[in-house]
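The structure appears below as structure tokens.
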Amino acid sequence: MSDAVADGAKSMEELVSLCKRRGFIFPASEIYGGLNGFWDYGPLGVQLKKNLADRWWRDMTLTPPLREGKPVSIVGVDSSIIQNPRVWEASGHVGGFSDPMVDCTETKFRYRADHLVCIGEKGDTSGQIYVHIEDDDETYAAARKKLDKYKKRSLANEEIDTCPFVSLSAEERAIAVGPHAKAPGTLTEPRAFNLMFQTYVGATASEDDKAYLRPETAQGIFLNFANVTDTSRVRVPFGIAQVGKAFRNEVTPRNFIFRSREFEQMEMEFFCHKDDAQQWLDYWVAERKRWWNSIGLSDDNMIVRKHDDDELAHYSKNGAGTYDIEYRWPFTHPGFGELEGVAHRSNFDLSQHKEHSKKKLEYFDQERNERYLPDVIEPAAGLTRGVLALLCEAFTPDESRASKVVMKFKPSMAPIKAAVYPLVNKDGMPEVAEKLVRELRGRSGHMGLIEFDPKQSIGKRYARMDEAGCPVCFTIDGDTMSDQTVTYRDRDTLAQDRIAIDKVGDWLDEKLRS
Ligand code: ATP
């Protein structure tokens, strides 16, 4: 933890710099110095994000998974980002959606109270208590340094006690030194802080016109529950899926796109009878983990963690539990952090909306001859956090390559599917290459870019494609002109072989199925 990069962890710094260099992700408003917690996606990043979202959409709504040999039933919606503000009163977000925050009166930094951890010497309550931010190597190292200095020696890990900041007494808080502060006693009591971005609808901007940017996509689904059951043939059990932006005024946005203030979610609300909810919860936990696995996240880097009772969200209180699918991020390594939550929301949301809107939202189940508000199982994934997981998983340092790093995306997820290179920019080679590019772009079976680049040494062009994670490069050379074959170079094995130019399309389609 004290080292910037824990043993075996990939370097976030290198990954962020590769993302910038190759056009995956840039800081938003970069030419104005950026804006904390906001990111822009470049040509490769937007395609990677689209591939992930499209795959989720396909596997939820177009070819949904099977249960007992039959496809489960899931339809899609796309709801507004701004809704009637009463929605957020009903959902518990106004009032409830606030993390307790701690301000530092010395540095003016603001921290999420549950992210602050204190360290001190074991068995010794004298002196000062040093506070750092959980999973933040820099503030931890700074806190340790201050503690070592106070004790005038380097303390071993076993000698250090840790405890959450929120459990400190008022006296202990008075001697606590904040993560970025010099003096003790500058951290305030934890206070509520609303995470929703506010705006005004219409020109007058009065209190009555106040509205919110949605902090999750889920509520837009609940709002349309009756519309969907009234207008389509779906029958409980069934799901409604949505992909879209969500906004949270996070207190400490950090770890690149892991925790940002504007992000995207892929959420599905699965409506079922309460007697079946536990089984569906188990089904979706297993199914979602299998899905992340199928798009390239290795089993070694994922765990399923059941929430402790005191962690459960307000809506899950009557439910049978919530599970997180967690990924081993470079900044949590060797530990894990949330990628997707699968929650049993009981019928909390529908009953809240029923009460607040005074509309009938019950469903009539013909098979059971029963009218009820269905329970809900919610697999809620971060799309942008998923992009980060794909980037982290793909990032593979390799000193033997010119690029020193290769992005090993699964071919089906890779933003660039293939590159076509004339060996030299003359002798008819560019024309043959361009023709092949047109053919490959015209094939509709794959979602991704086909790169064409006639310039630079072939080694440099391959190196760029290694960093971009392009699974295969085709090179048109002198022999192509006489025998109609091209060289292909495999990103992962570095194997090179020749293939007939008219077979390239089918060969690539096959490769992209993996
Ligand atoms: P966390 O505990 O990390 O704040 P959460 O439990 O509040 O997350 P949910 O409300 O369950 O998150 O949202 C579902 C998913 O949305 C999360 O699993 C995560 O992938 C994504 N997500 C939530 N907040 C952010 C954020 N600020 N930036 C990027 N992705 C986010």
Side-chain angles (χ1 to χ4, degrees), residues 25 28 35-41 45 49 52-53 56 88 91-93 96-101 111-115 133-136 193-197 213-222 241-269 284-285 288-289 291-292 297 302-308 310-316 319 321-329 331-332 335-345 348-349 376-392:
I25 296 163
L35 185 61
N36 196 8
F38 296 89
W39 299 92
D40 289 345
Y41 288 73
K49 177 152 70 72
L52 182 56
W56 185 87
W88 310 111
S91 68
H93 286 91
F97 191 60
S98 48
D99 285 326
M101 308 300 304
Y111 310 100
R112 238 172 89 168
D114 62 333
H115 285 173
I133 305 170
E134 197 176 25
D135 296 335
D136 181 295
F193 176 84
N194 198 297
L195 290 186
M196 278 198 295
F197 280 98
L213 304 192
R214 69 180 175 201
E216 60 175 31
T217 54
Q219 294 307 319
I221 296 178
F222 295 118
Q242 169 158 238
V243 182
K245 292 246 175 180
F247 302 82
R248 295 183 190 176
N249 203 354
E250 297 278 1
V251 189
T252 41
R254 60 201 158 105
N255 294 328
F256 199 28
I257 55 171
F258 177 82
R259 186 176 302 289
S260 49
R261 288 178 164 144
E262 176 175 339
F263 55 99
E264 281 175 80
Q265 294 186 307
M266 310 185 286
E267 298 197 292
M268 196 271 288
E269 308 303 322
W284 280 112
V285 171
R288 293 304 303 148
K289 178 155 183 277
W291 186 83
W292 285 109
L297 302 191
M302 274 193 294
I303 53 160
V304 171
R305 188 180 69 85
K306 190 172 195 293
H307 276 209
D308 298 333
D310 59 359
E311 269 183 283
L312 291 181
H314 58 276
Y315 54 73
S316 212
T322 292
Y323 292 81
D324 280 348
I325 297 173
E326 297 190 335
Y327 184 71
R328 182 181 272 134
W329 310 95
F331 44 84
T332 56
F336 297 80
E338 177 172 342
L339 169 64
E340 169 164 352
V342 186
H344 184 326
R345 293 180 78 116
F348 174 83
D349 304 86
V376 170
I377 305 302
E378 175 196 72
L383 167 56
T384 40
R385 207 177 271 189
V387 167
L388 182 60
L390 292 185
L391 287 165
C392 292

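First listed ligand is number 1; within each ligand, the first listed atom is number 1. Keep in mind that the numbers below use all heavy atoms, side chains included, and drop hydrogens, waters and symmetry copies. Index from 1, following the sequence. The shown structure was predicted, so the numbers you read here are calculated from the model rather than taken from an experiment.
Comparing heavy-atom distances from atom 3 (O) of ligand 1 across His307, Arg259, Glu338 singles out Arg259 as nearest. Checking Arg385, Arg248, His115 against atom 5 (P) of ligand 1, the nearest heavy atom belongs to Arg248.
In this structure a side-chain-to-backbone donor-acceptor pair under 3.5 Å is present from Arg261 to Glu250.
The shortest distance between side-chain heavy atoms of Phe331 and Phe258 falls below 4.5 Å.
Put simply, no part of Glu216 is less than 4.0 Å from ligand 1, judged by heavy atoms.
Under 4.0 angstrom from ligand 1, there are no non-hydrogen atoms of Asp324.
Looking at Phe258 next to ligand 1, an N or O pair under 3.5 Å apart turns up. The distance criterion of under 3.5 Å between nitrogen or oxygen atoms is not met by Ile257 with respect to ligand 1. The N/O atoms of Glu250, backbone and side chain alike, include one that comes under 3.5 Å of an N/O atom in ligand 1. In terms of N/O distances under 3.5 Å, ligand 1 is not approached by Phe263.
The distance from atom CG of Asp40 to atom CD1 of Ile257, rounded to the nearest 0.5 Å, is 12.0 Å. To the nearest 0.5 angstrom, Gln265 atom CD is 4.5 Å from Thr217 atom OG1.
Counting all heavy atoms, side chain and backbone alike, Val243 lies closest to Ala53 at CG1-CB, 4.3 Å.
Each of the atoms 14 (C), 15 (C), 18 (O) of ligand 1 lies under 4.0 Å from some heavy atom of Ala380.
Here the rule is side chain to side chain contact (heavy atoms under 4.5 Å, CB included) with Glu378, and of Arg345, Met268, His344 only Arg345 fits it.
Cation-pi geometry between Arg288 and Trp284 is not met at under 6.0 angstrom from the ring centre and within 45 degrees of the axis.
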